[in-house]
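Data block below; observations after.
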Amino acid sequence: MNYSGLILNDITAAPGLCVSFFVQGCPHRCKGCHNPETWDYNGGKEFTEEEKKYIIENIDKNNIKRNLSILGGEPLCPENIEGVISLCKDFKKTYPHKYIYIWTGYVI
């Protein structure tokens, strides 16, 4: 999985303050998309264990309490789902009472 960016102090992606993680790659290509630069699966940077560790370590940086927001691209497409699940599991293992917000173009 690749990712396109990370915002440590985001107030726009979810209620409260979040670390926002943007995955790379999207099959939907919605008209009016806020992040069309994230559509290409080959763009961005590789998401490694180091990046995951960085996110988890910075959730409460400077004693500021944050939740996690995962956006894209499309976090739940087949190309990204394994990496997103791994991040979510490790995040909840460390912070069981914090929220994870996932923004998807899929409809349930």
Counting only heavy atoms not in [X], do more than 12 sit closer than 6.0 Å to its [atom1] atom?
X: K92; atom1: NZ; result: yes
X: I11; atom1: CD1; result: no
X: K65; atom1: NZ; result: yes

Whether [X] side chain and [Y] backbone form a donor-acceptor pair below 3.5 Å:
X: W103; Y: A13; value: yes
X: E57; Y: Y54; value: no
X: S69; Y: S20; value: no
X: D10; Y: T12; value: yes
X: N67; Y: Y99; value: yes
X: Q24; Y: D40; value: yes
X: K98; Y: R66; value: yes
X: N2; Y: V23; value: no
X: E46; Y: T48; value: no

In Å and rounded to the nearest 0.5 Å, what is the [atom1] to [atom2] distance from [X] to [Y]?
X: I81; Y: C88; atom1: CD1; atom2: SG; result: 8.0 Å
X: E74; Y: N80; atom1: CD; atom2: CG; result: 8.0 Å
X: T104; Y: L76; atom1: OG1; atom2: CG; result: 4.0 Å
X: L87; Y: I85; atom1: CG; atom2: CD1; result: 11.0 Å
X: I56; Y: D90; atom1: CD1; atom2: CG; result: 5.0 Å
X: C26; Y: E37; atom1: SG; atom2: CD; result: 11.5 Å

If every non-hydrogen atom of [X] is compared with every non-hydrogen atom of [Y], which pair is closest and at what distance?
X: N58; Y: V19; result: O-CG2, 4.3 Å
X: N35; Y: G72; result: ND2-O, 2.9 Å
X: P75; Y: V84; result: O-CG2, 3.3 Å

Q) What do you reckon, are the aromatic ring centroids of F21 and Y3 less than 6.0 Å apart? A) yes
Q: Evaluate the side-chain proximity of Y41 to P27: yes if any heavy-atom separation is below 4.5 Å, no if none is.
A: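 A side-chain contact exists here, since the closest heavy-atom pair is under 4.5 Å.
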Q) Got I64 and D60 here, is their nearest side-chain heavy-atom distance under 4.5 Å? A) no
(Q) Tell me whether M1 shares a hydrophobic cluster with Y106, the cluster being built from Ile, Leu, Val, Met, Phe, Trp, Tyr side chains joined at under 4.5 Å. (A) yes
Q. Between E49 and K52, is there a side-chain N and carboxylate O pair less than 4.0 Å apart?
A.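 Between K52 and E49 there is a salt bridge, with a charged N closer than 4.0 Å to a carboxylate O.
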**Q.** Stepwise side chain to side chain contact (heavy atoms under 4.5 Å, CB included) check, F47 with I55
**A.** CA-CA 11 Å; F47 184 63; I55 291 170; 4.0 Å; yes
